[in-house]
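The structure appears below as structure tokens.
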Amino acid sequence: MPKRYTVTAALPYTNGPIHIGHLAGVYIPADIYSRYLREQGKDVAFICGSDEHGVAIALKAKKEGKTPQQIIDQYDQLIRESFNSFGIAFDHYSRTSRKIHHETAQEFFKILYDKGVFEEKDSEQLYDPEAKQFLADRFVTGSCPICQNPEAYGDQCESCGSTLSATELIHPQSTLSGAKPELKKTKHWYLPLNQYEDFISKWILEGHQNDWKPNVYGQVKSWVSNGLQPRAVTRDLDWGIAVPVPHAEGKVLYVWFDAPIGYISSTKEWAKEKGKDWEPYWCDKETQLVHFIGKDNIVFHCIIFPVMLKASGRYILPENVPANEFLNLEGQKISTSKNWAVWLHEYLESFPEQQDVLRYVLTANAPETKDNDFTWDEFQARNNNELVAIYGNFINRVMVLTHKYYNGFVPQPHTLHEEDKSVLQAMAQLPKKIGDSIENYRFREASQTLMSLARMGNKYLADAEPWKLIKTDPNRVQSIMYTALQVAAGLSILSEPLLPFTAQKLRTMLQLKSKSKLWEQVAHGDTLLQPKHLLGASALLFQKIEDDQMESERSKLRNAAQNNKEEQKKATPLKPQVEASQFETLDLRVAEILEAKKVKKTKKLMELTVLLGEEKRTVVSGIANDYDETELIGKKVTLLVNLKPRALKGIESQGMILLGENEAGKLIFVAPEDTQVRAGTPIK
RNA sequence: CGCGAGGUAGAGCAGUGGUAGCUCGUCGGGCUCAUAACCCGAAGGUCGCAGGUUCGAGUCCUGCCCUCGCUACCA
């Protein structure tokens with residue numbers, strides 16, 4: 001039994017607001033877990049904060065003509081408000097831009113540096129002479145060296161899927177200034193993960209095979225078996241935490257090095273405010289450290305950060321990292337850039353005071369084992385059929401009957417019958433059952449168990465039929481209503497971690513005093529509401545949600561995505577001018593598609609046989625998402641024929657079909673309108 | 001033949017060797033205290049496919065297929 005718990009939730013990155021995916025994947029589970037532990041009287045520190053460094057924020061600031069500080073202030077504020085309004089009850093929420101964090105992160109780096117943990121390496125990287133900075137990854141675009149796609153990024157070509165290094169790009173261009181980058185030497189510090197393979201293997205692969213989630217375990221295994229590589233922990237950037245060693249001007253800590261240290265600095269800040277000692281929460285072996293994250297963070301929380309902690313020789317390691325998978329929205333990936341999301345601050349405008357509805361839906365449908373889909377249909381169904389019809393209705397029945405029969409006083413029971421006792425006994429099992437689910441990070445299961453208590457209450461009332469007996473056997477009705485009221489009280493107590501707002505409302509309605517050890521009382525079968533106790537006024541806990549509300553949410557979503565798309569379209573910059581002679585080097589011709597076959601194991605690739613005059617050619621094109629094999633046959637398209645052939649998935653592609661994109665995002669062929677034109681005709 | 005996770009009733013999920021379950025939806029019935037809510041019952045699955053181990057497999061092994069992720073300013 002651990003002495004104390006340190007619970008962390010992934011630090012939200014302050015370049016956008018919080019959406020339902022964040023909530024479902026990280027913050028709700030972490031909040032339920034911490035609330036439950038507090039309810040058990042445990043010593044728990046639930047820690048989080050804003051992650052405010054890194055290239056993305058620097059880039060966003062440049063694009064919007066603001067300072068990074070303005071960006072992070074704006075989103076830090078918005079994110080705090082979102083968490084507050086949804087009852088995500090952190091013990092402390094800090095920011096990585098604070099002094100205490102800079103000091104903590106620098107000290108951490110310094111400890112590893114002094115121990116000689118890092119490797120120093122010089123390398124040549126692309127440098128933008130106009131913006132005066134080094135260009136990492138997505139700061140560079142250029143032509144893909146493999147498939148010639150002119151819009152490949154510095155880390156990857158989205159057209160052919162190849163992983164690239166920025167220096168491989170042909171005709172690289174800075175996305176900051178449009179300038180042509182030059183190669184320049186730079187020094188960086190690397191964390192030699194390769195030296196810690198044994199440590200990770202022993203700790204996770206051998207030590208946590210059975211208690212960690214399969215998705216987390218599997219990811220780690222995948223990384224380790226591919227061989228861990230040294231990873232740079234510094235960057236050339238003007239936004240971040242200065243590297244605290246000599247000859248490191250213009251260098252900052254890589255955001256992924258400093259962010260997890262944010263958990264520690266946030267804990268320090270909290271401890272200072274509370275007059276506590278922070279160290280036991282991070283250094284005492286009897287502390288259970290748990291990181292709640294999304295699956296994209298697995299490598300950082302299961303490999304990189306633990307290696308940092310281990311290398312420091314000072315800190316404990318996480319006991320578990322219950323990472324969730326991703327939540328989709330109406331069948332599509334949630335995307336900040338495409339504005340395909342339900343933002344928390346907007347949700348509350350549409351559904352004021354209904355935080356628990358979203359909490360419940362996101363818990364009941366949480367992506368615990370695989371990616372899940374959030375739909376407004378399901379949201380409505382869960383609200384109307386479960387929260388309103390089962391939970392809310394049970395409470396309403398009990399309240400109405402008690403007020404009607406006893407003017408709101410809890411009646412004095414007579415001898416309890418078997419059915420009364422068995423309901424109370426069944427309820428006494430639930431604190432442990434729900435607790436076990438939560439301790440094992442099975443929040444979906446916990447929510448189902450909670451709902452089963454309300455179901456049980458409804459069934460009990462239906463079987464006992466107090467509204468009939470009131471005419472013939474009023475004494476019996478007193479026992480029935482007494483029993484039903486105990487169930488209502490139990491429901492309010494056990495709801496606290498999952499539905500905190502509802503639990504509070506219900507307690508007020510029942511006039512149930514806040515005391516410690518309430519869960520224990522439920523488990524012991526104690527009387528929760530004494531006879532003659534006076535209840536408060538009755539109110540509805542949940543409201544039905546109508547179809548037209550859902551329709552308006554769906555159209556809001558579609559409109560937002562559409563507007564976003566149009567804005568982005570306007571923003572597509574023109575490429576530099578070219579000479580006519582350059583254009584003439586391209587050989588464009590009309591081609592007719594003769595055969596089409598989807599390439600197996602790929603999403604978009606289609607293998608096409610095209611007719612080009614007398615000659616037939618094989619071309620691989622990424623159009624399988626938008627076109628079926630059959631509808632392609634006979635189509636005339638424009639083909640770039642003198643593109644250097646290249647193998648895609650083992651098939652040699654001898655040319656590139658010109659494509660555009662229509663309003664709906666569907667790829668359309670740049671094709672000769674007159675279908676009479678002969679295949680092979682050159683285009684000028 | 002890259003790696004990982006998933007593939008179980010119309011939908012969403014549970015179920016790691018012993019007669020296939022839960023919630024929602026559908027259909028039928030009951031009740032009327034309750035936000036037409038609640039309660040009972042029924043229909044609906046060759047547990048992705050094929051082979052193997054076993055007295056016995058959704059559950060273990062092998063091969064294959066499909067989906068998602070590992071690669072995006074997104075957890």
Side-chain angles (χ1 to χ4, degrees), chain A residues 9-13 15-16 18-27 54-57 59-60 63 137-139 153 155-158 161-164 175 213-223 225-226 292-299 323-328 333-338 340-341 364-373 375 377-378 381-382 384-386 388-390 392-402 404-405 442 444-445 447-448 451-452 454-455 457-468 470 481 484 538 540-544 600-601 603 650:
Chain A
L11 305 184
Y13 198 57
N15 71 337
I18 297 284
H19 57 63
I20 55 171
H22 301 114
L23 210 52
V26 178
Y27 303 103
V55 286
I57 283 168
L59 181 58
K60 192 179 175 86
K63 271 189 181 156
D137 312 336
R138 297 188 91 86
F139 279 94
Y153 289 101
D155 53 350
Q156 190 209 9
C157 169
E158 293 186 347
S162 313
T163 304
L164 305 172
T175 57
K213 295 172 67 163
N215 56 339
V216 178
Y217 183 86
Q219 278 294 317
V220 173
K221 200 171 151 197
S222 166
W223 275 82
S225 59
N226 285 338
F292 284 87
I293 56 168
K295 68 173 163 189
D296 56 331
N297 271 344
I298 290 174
V299 61
N324 272 332
E325 301 287 294
F326 280 169
L327 188 71
N328 293 328
K333 278 191 92 158
I334 294 179
S335 164
T336 303
S337 60
K338 290 183 186 147
W340 188 256
N365 189 34
E368 285 180 5
T369 54
K370 62 170 187 190
D371 288 2
N372 268 348
D373 197 23
T375 62
D377 271 345
E378 180 180 346
R382 292 231 184 241
N384 291 355
N385 304 331
E386 299 182 31
V388 174
I390 311 274
N393 186 40
F394 169 66
I395 296 300
N396 194 37
R397 295 169 88 180
V398 174
M399 292 300 292
V400 167
L401 288 174
T402 307
K404 192 163 161 185
Y405 297 157
R442 301 168 70 125
R444 199 160 52 187
E445 187 178 81
S447 76
Q448 288 308 301
M451 199 50 70
S452 77
R455 284 203 169 87
N458 276 319
K459 180 168 165 48
Y460 173 73
L461 284 182
D463 292 344
E465 300 184 305
W467 48 88
K468 276 189 183 165
I470 192 73
M481 291 315 299
S538 177
L540 296 181
L541 286 175
F542 301 102
Q543 247 100 55
K544 266 199 101 140
K600 294 235 163 144
K601 291 205 172 188
K603 282 177 229 174

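Since the model is a prediction, treat every value here as computed from it, not as a measurement. Below, chains carry the letters A, B, ... as their sequence lines are ordered, and counting in each starts from 1.
- Taking only distance into account, the side chain of A:N393 meets the base of B:A34 through a donor-acceptor pair shorter than 3.5 Å.
- Residue contacts for A:L11: at a heavy-atom cut-off of 4.0 Å it reaches no nucleic acid atom on any strand shown.
- Between the CG atom of A:D463 and the P atom of B:U32 there is a distance of 14 Å, given to the nearest Å.
- Between A:D371 and A:K295 there is a salt bridge, since a side-chain N of the basic residue sits under 4.0 Å from a carboxylate O of the acidic one.
- Out of B:U32, B:G69, B:G4, the shortest distance to the side chain of A:S222 is found at B:G4.
- Considering only the side chain of A:V400, B:C33 comes nearest among B:C33, B:G15, B:C74.
- Nearest to the side-chain atoms of A:R397 among the listed nucleotides B:G6, B:A34, B:G25 stands B:A34.
- Distance from the side chain of A:K544 is smallest for B:A37 among the nucleotides B:G6, B:A37, B:C33.
- In this structure, the nucleotide among B:A5, B:C33, B:A37 sitting nearest to the side chain of A:A389 is B:A37.
- In the set B:A75, B:G12, B:C33, B:A75 carries the atom at the smallest distance from any side-chain atom of A:N297.
- Remark: the separation of the C1' atoms in B:G30 and B:A37 is 15 Å, to the nearest Å.
- At the heavy-atom level, A:E325 lies under 4.0 Å from base atoms of the strands shown.
- In this entry the distance linking CZ of A:R444 with P of B:A11 reads 16 Å, nearest Å.
- Residue A:Q448 has its side chain nearest to B:U23 when only B:U23, B:G6, B:A34 are considered.
- Ranking B:G69, B:A75, B:C40 by closeness to the A:K459 side chain, first place goes to B:C40.
- Side-chain nitrogen and oxygen atoms of A:R455 include none within less than 4.0 Å of the OP1 or OP2 phosphate oxygen of B:A37.
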